[in-house]
K.L.:
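What follows is a structure written as structure tokens; I'll ask about it next.
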Amino acid sequence: MPHGFSLTLGFNVLWVVYSDPSTGDDMASATCALGGSLLVFGFDSRPGDYQFRVEFRNVSTGAPLYVWSWNPSGFNDVILDCDVLDGRAYAVGATLTLEKPKAYAVTGFDPRFNVEVRDLDWSGFAYTVEAKDGYLYVGGGDLRESRLVFRVDKLDASLGLVASYKSAGLEGHHAGAFDMVFNKATGHLWAVGTAAGDKGDRWWIEVIDPQAMELVKVIDPGVRGVAMTAISDSEGFVYVMGIEGTGRGGYLLKFDREGNVVARLELGEFTATKATMIGDFLVLAGDERRGGYYRHTIYVLDRDLNILGKTYLSMDVDADSYFAVGRMWVDGSKVYVAGWDMRPGNARWVVYALEAREVMQTTVTTTVTTTVIRFLTYTTTVTETRLRTVTTTQPVTTTVYVTTTQVREETATVTVREPITVTLTRDVTRTLTNTLTNTVTETKMIEREVVREHTITLTTTIERLPTTPVVALVIALTLIAVVALLMLRRR
């Protein structure tokens, strides 16, 4: 009976809160923790169009503390991602319109709520932000000669521009970076997204030197659809998740530091929109259909892309639930993730606080040999032909004429011809054929052995938290931004 032990992560819901500020689309995209507050970024539809919205909540209970909102234009304005640098929270967003697209950086989310919004002077969209070594890296798409191309700005803490990278783009395509991650082995910045053309969309990755802000290489993995989010492990492998061309479900690709695909996992109906690493585990957040609805779902994988477990978070909500794009904040064993559901008939905010625990799985494989006995009954018809020889004696009567000469004393001789009846016996042989038909019913017993392997997984919760350092380098795209990109492509 072979068996083995493996560790995975399980998640407990510490609290979940809902917010429905309007009867229109209200969606939460990203979470960042700062001090005793959890900052939740997204947008609401209170003015009729989309406007920036940030909710400050108690990190321990989820209770609301403060709400900040602002409508910078008469179009749809959304905040998509956030990060923390030197004790201050930063966010990026965009005005999603083809007439006057704009990219924004927002800062000042500190305990004094001194919020500042900075126009980045792009004719495009800012989707993602990464903080590293005292700088902010803001990525997205910018119009260049009527084509949208990858763009990454390097900003200081006061949002001053230090350097900028603008891609040469792909001929005949609009392209945008929806997420970025630093490779932990090389230090290069990987920007992942899509290149959208008339013949369809494809994953597109550009690797950038963050010091020189120059292109290192372009990676085209040959996958249709949109690369949505990326994470890196300590050995320099980069994991990129995205949707396929149909828009439901997708793939997870593992790249080495040179950009070669070393492993690939098809995610089926699970659509991952966020990801992070907790210790050596990959944690993906997305949605998967179960019980008639799309559910908020957490997947846990190892670095070889084996699925170790999954958790459904919204089984008590009779409505479709989705995770919005943006950062999933990790603080020790705590995970904060935001999305939305359609419970009131329109989109409302949903924010979770989760606790990650190491869970031991015992996999026991038992081999069971079963003897199967079957009785087989069948009917056989046997036809037999028998030959018999019968000899019979039959009398045969014939008439024979005998001529006799009679001498009499007279001088005359008389010849007389008289009939005589003679009976003879002859043997007659006959062959008789008999055909006999017999029906025979027989029953036979057939035995065979069937060997089956049964795998039983036993789960035991270990009362300790992961001790491996937790890294939260997660940025994801917005589905609304994808729609805007497609609109721009068809312009």
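What you see is a predicted model, and the numbers here were worked out from it, not measured in a lab.
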K.L.:
Is the closest basic N to carboxylate O distance between Arg348 and Asp20 below 4.0 Å?
P.N.:
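Judged by the 4.0 Å cut-off on N to carboxylate O distance, Arg348 and Asp20 do not form a salt bridge.
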K.L.:
Hey, are the side chains of Glu116 and Arg118 touching, using non-hydrogen atoms and a 4.5 Å cut-off?
P.N.:
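The answer is yes, as the side chains (C-beta and beyond) meet within the 4.5 Å cut-off.
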K.L.:
Tell me whether Arg303 is salt-bridged to Glu235, with the criterion being a basic N under 4.0 Å from an acidic carboxylate O.
P.N.:
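Yes, this pair counts.
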K.L.:
Is the backbone of Ser22 close enough, under 3.5 Å, to the side chain of Asp26 for a donor and an acceptor to pair up by distance?
P.N.:
yes
K.L.:
Would you call Phe43 and Asp77 a side-chain contact if the rule is heavy atoms closer than 4.5 Å?
P.N.:
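Result no, sub-4.5 Å side-chain heavy-atom pair not found.
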K.L.:
Run the numbers on Asp302 and Asp280 for side chain to side chain contact (heavy atoms under 4.5 Å, CB included), then give the verdict.
P.N.:
CA-CA 7 Å; Asp302 62 21; Asp280 286 331; over 6 Å; no
K.L.:
Quick one: does any side-chain atom of Lys274 pair with a main-chain N or O of Ala324 as donor and acceptor, under 3.5 Å?
P.N.:
yes
K.L.:
Are there more than 12 heavy atoms of other residues, nucleotides or ligands under 6.0 Å from atom NZ of Lys102?
P.N.:
no
K.L.:
Decide salt bridge (Lys or Arg N to Asp or Glu O under 4.0 Å) for Arg88 and Asp86; before the verdict, give the C-alpha distance in whole Å, the side-chain angles of both, and the deciding distance to 0.1 Å.
P.N.:
CA-CA 6 Å; Arg88 301 185 73 186; Asp86 297 334; over 6 Å; no
K.L.:
So Pro101 and Thr95, do their side chains get closer than 4.5 Å, heavy atoms only?
P.N.:
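A side-chain contact is absent here, since even the closest heavy-atom pair is not under 4.5 Å.
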K.L.:
Any idea which heavy atoms bring Trp329 and Val84 closest together, and the distance?
P.N.:
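Shortest heavy-atom separation between Trp329 and Val84 comes out as CH2-CG2, 3.8 Å.
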K.L.:
Please list all pairs meeting salt bridge (Lys or Arg N to Asp or Glu O under 4.0 Å) that have one or both residues in residues 31-51, counting only residues at least two apart or in different chains.
P.N.:
Asp44-Arg53
K.L.:
Between Arg289 and Tyr294, which heavy-atom pair has the shortest distance, and what is it?
P.N.:
NH1-CE1, 3.4 Å
K.L.:
Can the ring centroids of His188 and Phe182 be said to lie less than 6.0 angstrom from one another?
P.N.:
no
K.L.:
Does Arg343 have any side-chain hydrogen bond (donor to acceptor under 3.5 Å, both in side chains) partners at least two apart in sequence or in another chain, and if so, which?
P.N.:
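Here no residue qualifies.
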K.L.:
Just so I know, are the side chains of Val335 and Ile278 near enough to count as touching, which here means a heavy-atom distance under 4.5 Å?
P.N.:
yes
K.L.:
Which residues satisfy the ring-ring contact (aromatic ring centres under 6.0 Å, His included) test with Tyr299, sequence neighbours excluded?
P.N.:
Phe270
K.L.:
Would you check if there is a donor-acceptor pair between the side chains of Lys310 and Tyr312 at a distance under 3.5 Å?
P.N.:
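Note: Tyr312 and Lys310 side chains meet the donor-acceptor criterion.
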K.L.:
For Phe75, is the CZ atom crowded, meaning more than 12 foreign heavy atoms sit under 6.0 Å from it?
P.N.:
yes
K.L.:
Taking the side chain as every heavy atom from C-beta outward, state whether Thr128 and Val138 have any atom pair closer than 4.5 Å.
P.N.:
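No, side chains not in contact.
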K.L.:
Any donor-acceptor pair under 3.5 Å linking the side chain of Lys184 with the backbone of Phe237?
P.N.:
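Judged by distance alone, no pair lies under 3.5 Å.
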K.L.:
Any donor-acceptor pair under 3.5 Å linking the side chain of Ser314 with the backbone of His296?
P.N.:
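A pair under 3.5 Å: yes.
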K.L.:
Pair Val283, Ile298 - check side chain to side chain contact (heavy atoms under 4.5 Å, CB included), show working.
P.N.:
CA-CA 7 Å; Val283 179; Ile298 303 291; 3.8 Å; yes
K.L.:
Can you list the residues that meet the ring-ring contact (aromatic ring centres under 6.0 Å, His included) rule with Phe255, with sequence neighbours excluded?
P.N.:
Trp190
K.L.:
Please determine if Glu130 and Arg327 form a salt bridge, counting it only when a charged side-chain N lies under 4.0 Å from a carboxylate O.
P.N.:
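Result for this pair is yes, salt bridge flagged.
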K.L.:
Hey, is Arg144 close enough to Asp142 for a salt bridge, meaning N to O under 4.0 Å?
P.N.:
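Between Asp142 and Arg144 there is no salt bridge, as every charged N stays at least 4.0 Å from the carboxylate O atoms.
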K.L.:
Walk me through whether Asp341 and Tyr18 qualify under side chain to side chain contact (heavy atoms under 4.5 Å, CB included).
P.N.:
CA-CA 9 Å; Asp341 68 28; Tyr18 305 93; 3.7 Å; yes
K.L.:
Atom CZ of Phe11 and atom OG of Ser333: how far apart are they, to the nearest 0.5 Å?
P.N.:
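Atom-to-atom, Phe11:CZ and Ser333:OG are 10.0 Å apart.
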K.L.:
Would you tabulate the side-chain donor-acceptor contacts of residues 57-65 under 3.5 Å, counting partners in other chains and residues two or more places apart, or write 'none'?
P.N.:
from, atom 1, to, atom 2, distance (Å)
Arg57, NE, Glu55, OE1, 3.1
Arg57, NH1, Gly62, O, 2.7
Arg57, NH2, Glu55, OE1, 3.0
Asn58, OD1, Ser60, N, 2.7
Asn58, OD1, Thr61, N, 3.1
Thr61, OG1, Ala63, N, 3.2

K.L.:
Can you find a heavy atom in the side chain of Val13 that is under 4.5 Å from one in the side chain of Leu313?
P.N.:
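With C-beta onward as the side chain, the pair touches.
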K.L.:
Quick one: closest heavy-atom pair of Ile208 and Ala191, and the distance?
P.N.:
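Shortest heavy-atom separation between Ile208 and Ala191 comes out as CD1-CB, 4.4 Å.
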K.L.:
Under a 3.5 Å distance rule, please check whether Arg295 uses its side chain to pair with a backbone N or O of Val317 as donor and acceptor.
P.N.:
yes
K.L.:
For Tyr50 and Asp25, does a side-chain donor sit closer than 3.5 Å to a side-chain acceptor?
P.N.:
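Short answer, yes.
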K.L.:
Are more than 12 heavy atoms from other residues, nucleotides or ligands located less than 6.0 Å from atom CG of Asp121?
P.N.:
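No, the 6.0 Å shell around CG holds no more than 12 heavy atoms from other groups.
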K.L.:
Leu80 and Ala30: which non-hydrogen atoms are nearest, and at how many Å?
P.N.:
O-CB, 4.0 Å
K.L.:
Might you work through the side chain to side chain donor-acceptor pair (under 3.5 Å) test for Asp201 and Thr194, ending with a clear yes or no?
P.N.:
CA-CA 6 Å; Asp201 307 334; Thr194 188; 4.9 Å; no
K.L.:
Check whether any side-chain N or O of Thr31 sits under 3.5 Å from a backbone N or O of Ala338 as a donor-acceptor pair, and report yes or no.
P.N.:
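Checking the backbone N and O of Ala338 against the side chain of Thr31, no donor-acceptor pair under 3.5 Å is found.
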K.L.:
Is the backbone of Ala195 close enough, under 3.5 Å, to the side chain of His173 for a donor and an acceptor to pair up by distance?
P.N.:
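Not confirmed, His173 side chain does not pair with Ala195 backbone.
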K.L.:
For the residue pair Tyr127 and Phe178, does the interplanar ring angle fall in the parallel (under 30°), tilted (30 to 60°) or perpendicular (over 60°) class?
P.N.:
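Judged by the thresholds at 30° and 60°, the geometry between Tyr127 and Phe178 is perpendicular.
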K.L.:
Taking atom types as modelled, find out whether Asp179 and Thr229 have a side-chain donor-acceptor pair closer than 3.5 angstrom.
P.N.:
yes
K.L.:
With sequence neighbours excluded, what pairs up with Thr107 under the side-chain hydrogen bond (donor to acceptor under 3.5 Å, both in side chains) test?
P.N.:
none
K.L.:
Tell me whether Asp220 is salt-bridged to Arg202, with the criterion being a basic N under 4.0 Å from an acidic carboxylate O.
P.N.:
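So Asp220 pairs with Arg202 through a salt bridge.
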K.L.:
Roughly how far apart are Leu136 CG and Asp156 CG, rounded to 0.5 Å?
P.N.:
8.0 Å
K.L.:
Met241 vs Leu284, test: side chain to side chain contact (heavy atoms under 4.5 Å, CB included). Steps then yes/no.
P.N.:
CA-CA 9 Å; Met241 282 66 66; Leu284 314 182; 3.9 Å; yes
K.L.:
Is there a side-chain contact between Val223 and Glu244, using heavy atoms and a 4.5 Å cut-off?
P.N.:
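Result no, sub-4.5 Å side-chain heavy-atom pair not found.
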K.L.:
Could you tell me whether a side-chain N or O of Arg147 sits under 3.5 Å from a main-chain N or O of Leu170, the two making a donor and an acceptor?
P.N.:
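Judged by distance alone, yes, a pair lies under 3.5 Å.
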K.L.:
Are side-chain heavy atoms of Tyr165 and Glu206 found at a separation under 4.5 Å?
P.N.:
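Heavy-atom side-chain distance check passes, below 4.5 Å.
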K.L.:
Taking Asn71 for its side chain and Gly74 for its backbone only, find out whether a donor-acceptor pair lies under 3.5 Å.
P.N.:
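No, Asn71 side chain to Gly74 backbone: no donor-acceptor pair under 3.5 Å.
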K.L.:
Please give me the minimum heavy-atom distance between Cys32 and Phe41, naming the atom from each residue.
P.N.:
CB-CE1, 4.3 Å
K.L.:
If you draw the axis of the six-membered ring of Tyr239, does the NZ or CZ of Lys254 fall within 45° of it and under 6.0 Å from the ring centre?
P.N.:
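Negative - Lys254 is either too far from the ring of Tyr239 or too far off its axis.
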K.L.:
Would you say the side chains of Thr297 and Asp287 form a donor-acceptor pair under 3.5 Å?
P.N.:
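On atom types as modelled, these side chains do not qualify, holding no pair under 3.5 Å.
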K.L.:
Can you confirm if the NZ or CZ of Arg264 lies within 45° of the ring axis of Tyr251 and under 6.0 Å from the centre of its six-membered ring?
P.N.:
yes
K.L.:
Using modelled atom types and a 3.5 Å cut-off, is there a donor and acceptor pairing between side-chain atoms of Asp83 and backbone atoms of Ala131?
P.N.:
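Looks like yes, one N/O pair under 3.5 Å.
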K.L.:
For a quick test of reading the model, state the closest non-hydrogen atom pair linking Thr23 to Asn346 and the distance between them.
P.N.:
O-CB, 3.4 Å
